[in-house]
Amino acid sequence: MEEIVEFIKKYKYPIIGGIIALLLLVTDLFQVLKVIVVIALGIYLGFYVQKNKETIKEKLRKLIDKM
């Protein structure tokens with residue numbers, strides 16, 4: 001019994017992570033997380049474009065000229 005307690009103390013965070021991952025897969029919350037990640041990436045991309053407007057315009061012009 002003491003060995004099991006030591007094992008749980010040593011590996012408690014990986015065990016918790018595995019349980020959370022299992023719950024996400026079983027309850028289909030994984031799909032919701034994918035949507036949230038895509039939305040966050042879109043927000044980040046919009047913020048990046050807003051901050052670096054001139055460099056992005058220049059890169060797009062060079063890309064169009066190559067075509």
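All values reported here derive from a predicted model rather than from experimental measurement.
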State the [atom1]-[atom2] distance between [X] and [Y], to the nearest 0.5 angstrom.
X	Y	atom1	atom2	answer
R61	L63	CZ	CG	13.0 Å
Y48	T55	OH	OG1	5.5 Å
Q31	K34	CD	NZ	4.0 Å
I4	E6	CD1	CD	11.5 Å
E3	K10	CD	NZ	12.5 Å
I36	L41	CD1	CG	12.0 Å

Determine, using the 4.5 Å side-chain heavy-atom cutoff (strictly less than), whether [X] and [Y] are members of one ILVMFWY cluster.
X	Y	result
I16	L24	yes
L25	I20	no
I56	F47	no
Y13	I8	no

Query - Intermediate values then yes/no, side-chain contact (heavy atoms from CB on, under 4.5 Å), L23 and L29 - result: CA-CA 8 Å; L23 285 174; L29 287 176; over 6 Å; no
Requested in this report: Side-chain contact test, heavy atoms from C-beta onward, threshold under 4.5 Å: evaluate it for F7 versus I15 and give yes or no.
Outcome: yes
